[in-house]
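Note on naming: letters A, B, ... go to the chains in the order of the sequence lines (proteins, then strands), and numbering restarts at 1 for each one.
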Number of protein chains: 2
Amino acid sequence: MRIGVLAKAAGVSVPTIRYYESIGLLAPPARQRGQRIYGGEALKALNLVRHCRELDFSIDEIRDILASVQRRLPCSDTKSFAEKHLGAIRMKIAELRALEATVAALVSGCETTCCGSAAPDCVILQPGCGSA
Amino acid sequence: MRIGVLAKAAGVSVPTIRYYESIGLLAPPARQRGQRIYGGEALKALNLVRHCRELDFSIDEIRDILASVQRRLPCSDTKSFAEKHLGAIRMKIAELRALEATVAALVSGCETTCCGSAAPDCVILQPGCGSA
DNA sequence: GCTACGCCCTCAAGCCACTTGAGGTTCAAG
DNA sequence: CTTGAACCTCAAGTGGCTTGAGGGCGTAGC
């Protein structure tokens, strides 16, 4: 199949496929008169990459995952990638929740104490008030 | 004061100050023999920018905030920026929580069903299983 | 005067994961 | 034979900085 067909089948854009090839995530396929021709293997590989991207693994993490897939390492390897990733996701959530609390407090502080003052004096913009 | 002193006072790096100036977030200061010389106003302005960045406002949002500060628009303006930002933070948290649930489910799925199979067959890597 | 050091300057490139655009070739249909 | 879609490569843009190269200026000690 040609690159456009592969792109539709895997649900990614055509430039994204070329990008993945350029950074070594996908093997360069055969060519016919300069155009890339893919087989079923390429679709499987691309689906795997897309799946990992949907789980928000970075390109470097995916590189490691692909390596352990190719070497048919045990599943415990895969699981430890996922667990590490899960930890990172949870840390990010914790950071965002702290930020949410800070901003929410500033907004309600503005409602109760600002009383329509001018922007430079708004509590939201006062440095050191609840920011990290 | 010179740029290094300002940087320490505001808690940002020297290149960051030059970067903010280059994108128009900070006014270009006076110069003495080619070197930037700042007054107290510059420190106030930089502190405001840093505060907004700590709240994770984007540069473009900060541009808008600075504009409403300079025009001394009412505080309701500031509050609506913050409220919009708060909505974005909450959306991001919701996305990450969905992702967390997906990855956590894959990890525990691996623990219960994979039984040490090879990486290519691990449930974590099966496309369409719980991904977005 | 001379050297060493620290601070300052500008300009360019690197990070991440793509997307967008320019300018040109090949393919399939009418 | 022409048209339009799909393909090609290469370069630059996104955000918010950081890092590095290569150089100028000021001052303190010898």
Side-chain angles (χ1 to χ4, degrees), chain A residues 1-26 28-39 42 45-66 85 88-89 92 95-96 99 131-132, chain B residues 1-26 28-39 42 45-66 85 88-89 92 95-96 99 131-132:
Chain A
M1 69 189 113
R2 290 194 301 169
I3 197 170
V5 178
L6 176 65
K8 245 176 207 158
V12 305
S13 75
V14 167
T16 295
I17 295 175
R18 290 196 277 247
Y19 169 69
Y20 286 162
E21 184 187 327
S22 79
I23 61 171
L25 267 200
L26 293 180
R31 300 259 182 157
Q32 276 182 10
R33 278 172 298 276
Q35 303 199 349
R36 294 169 177 85
I37 303 295
Y38 297 92
L46 181 53
N47 271 331
L48 177 53
V49 171
R50 193 213 45 179
H51 173 68
C52 290
R53 283 299 297 142
E54 279 167 355
L55 297 179
D56 210 29
F57 282 102
S58 73
I59 296 287
D60 274 353
E61 287 168 332
I62 295 175
R63 241 185 269 275
D64 292 344
I65 291 170
L66 290 183
H85 185 49
I89 292 167
K92 190 75 196 169
E95 282 172 21
L96 282 178
L99 185 61
S131 62
Chain B
M1 69 190 111
R2 289 193 301 170
I3 197 170
V5 178
L6 177 65
K8 245 176 206 157
V12 305
S13 75
V14 167
T16 296
I17 294 174
R18 289 197 277 247
Y19 169 68
Y20 286 161
E21 184 186 327
S22 77
I23 61 171
L25 267 199
L26 294 180
R31 301 256 182 161
Q32 276 182 12
R33 278 173 299 276
Q35 302 199 352
R36 294 170 177 84
I37 302 295
Y38 297 92
L46 182 53
N47 271 332
L48 177 53
V49 171
R50 194 214 45 181
H51 173 69
C52 290
R53 284 298 298 143
E54 279 168 354
L55 297 178
D56 209 31
F57 282 101
S58 72
I59 297 287
D60 274 352
E61 287 167 332
I62 294 175
R63 240 185 269 275
D64 293 343
I65 291 170
L66 290 183
H85 186 49
I89 293 168
K92 190 76 198 169
E95 281 172 21
L96 282 179
L99 186 61
S131 63

Please report, rounded to the nearest Å, how far the [atom2] atom of [N] is from the [atom1] atom of [X].
X: B:Leu25; N: D:dC17; atom1: CG; atom2: P; result: 9 Å
X: A:Ile3; N: C:dC27; atom1: CD1; atom2: C1'; result: 15 Å
X: B:Tyr38; N: C:dC7; atom1: OH; atom2: P; result: 16 Å
X: B:Asp60; N: D:dC17; atom1: CG; atom2: P; result: 12 Å
X: B:Ile23; N: D:dC17; atom1: CD1; atom2: P; result: 8 Å
X: A:Gln32; N: C:dA28; atom1: CD; atom2: P; result: 10 Å
X: A:Arg36; N: C:dT25; atom1: CZ; atom2: P; result: 17 Å
X: A:Ile59; N: C:dA17; atom1: CD1; atom2: P; result: 5 Å

Could you tell me which residues satisfy salt bridge (charged side-chain N to carboxylate O under 4.0 Å, His left out) with [X], sequence neighbours excluded, listed by chain and number?
X: A:Arg63; result: A:Asp60
X: A:Arg36; result: A:Glu21
X: B:Lys8; result: none

What are the atom names and distances for every N/O pair under 3.5 Å that joins the protein to nucleotides 20-27 of chain D?
from	atom 1	to	atom 2	distance (Å)
D:dG26	OP1	B:Arg33	NE	2.6

Next item on the list: Kindly say if A:Arg31 contacts the phosphate of C:dT26, meaning a side-chain N or O under 4.0 Å from OP1 or OP2.
Entry: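 For C:dT26, neither OP1 nor OP2 has a side-chain N or O of A:Arg31 closer than 4.0 Å.
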
Checklist line | Partners passing side-chain hydrogen bond (donor to acceptor under 3.5 Å, both in side chains) against A:Arg18 (at least two apart in sequence or in another chain) | finding: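 Checked A:Arg18 against side-chain hydrogen bond (donor to acceptor under 3.5 Å, both in side chains); zero matches.
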
Check: Who passes side-chain hydrogen bond (donor to acceptor under 3.5 Å, both in side chains) against A:Gln35, sequence neighbours left out?
Finding: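 Partners of A:Gln35 by the side-chain hydrogen bond (donor to acceptor under 3.5 Å, both in side chains) criterion, ordered by chain and then number, come out as A:Arg2.
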
How would you list, by chain and number, every residue that makes a side chain to side chain contact (heavy atoms under 4.5 Å, CB included) with [X], sequence neighbours excluded?
X: B:Val5; result: B:Met1
X: A:Ala42; result: A:Tyr38
X: B:Tyr20; result: B:Thr16, B:Ile23, B:Leu25, B:Leu26, B:Leu46, B:Val49, B:Arg53, B:Ile59

Margin query: Looking at A:His85 and A:Leu55, would you say the former's side chain and the latter's main chain have a donor-acceptor pair under 3.5 Å?
Written below: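 Yes, the answer is positive, given that a donor and an acceptor are paired below the 3.5 Å cut-off.
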
Margin query: Quick check: do B:Asn47 and B:Arg50 have side-chain heavy atoms less than 4.5 Å from each other?
Written below: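 The answer is yes, as the side chains (C-beta and beyond) meet within the 4.5 Å cut-off.
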
Note to self: For DNA chain C, which residues of residues 6-21 of chain B approach it to below 4.0 angstrom with any heavy atom?
What the structure shows: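 Listed by number, they are B:Arg18.
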
Next item on the list: Rounded to 10°, tell me the angle between the two end axes of the helix from C:dG1-D:dC30 to C:dG30-D:dC1, each built from five pairs.
Entry: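 One end's axis against the other's: 30°.
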
Check: Can you name the residues that form a ring-ring contact (aromatic ring centres under 6.0 Å, His included) with B:Tyr19, not counting sequence neighbours?
Finding: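 Once residues adjacent in sequence are excluded, B:Tyr19 has no partner under the ring-ring contact (aromatic ring centres under 6.0 Å, His included) criterion.
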
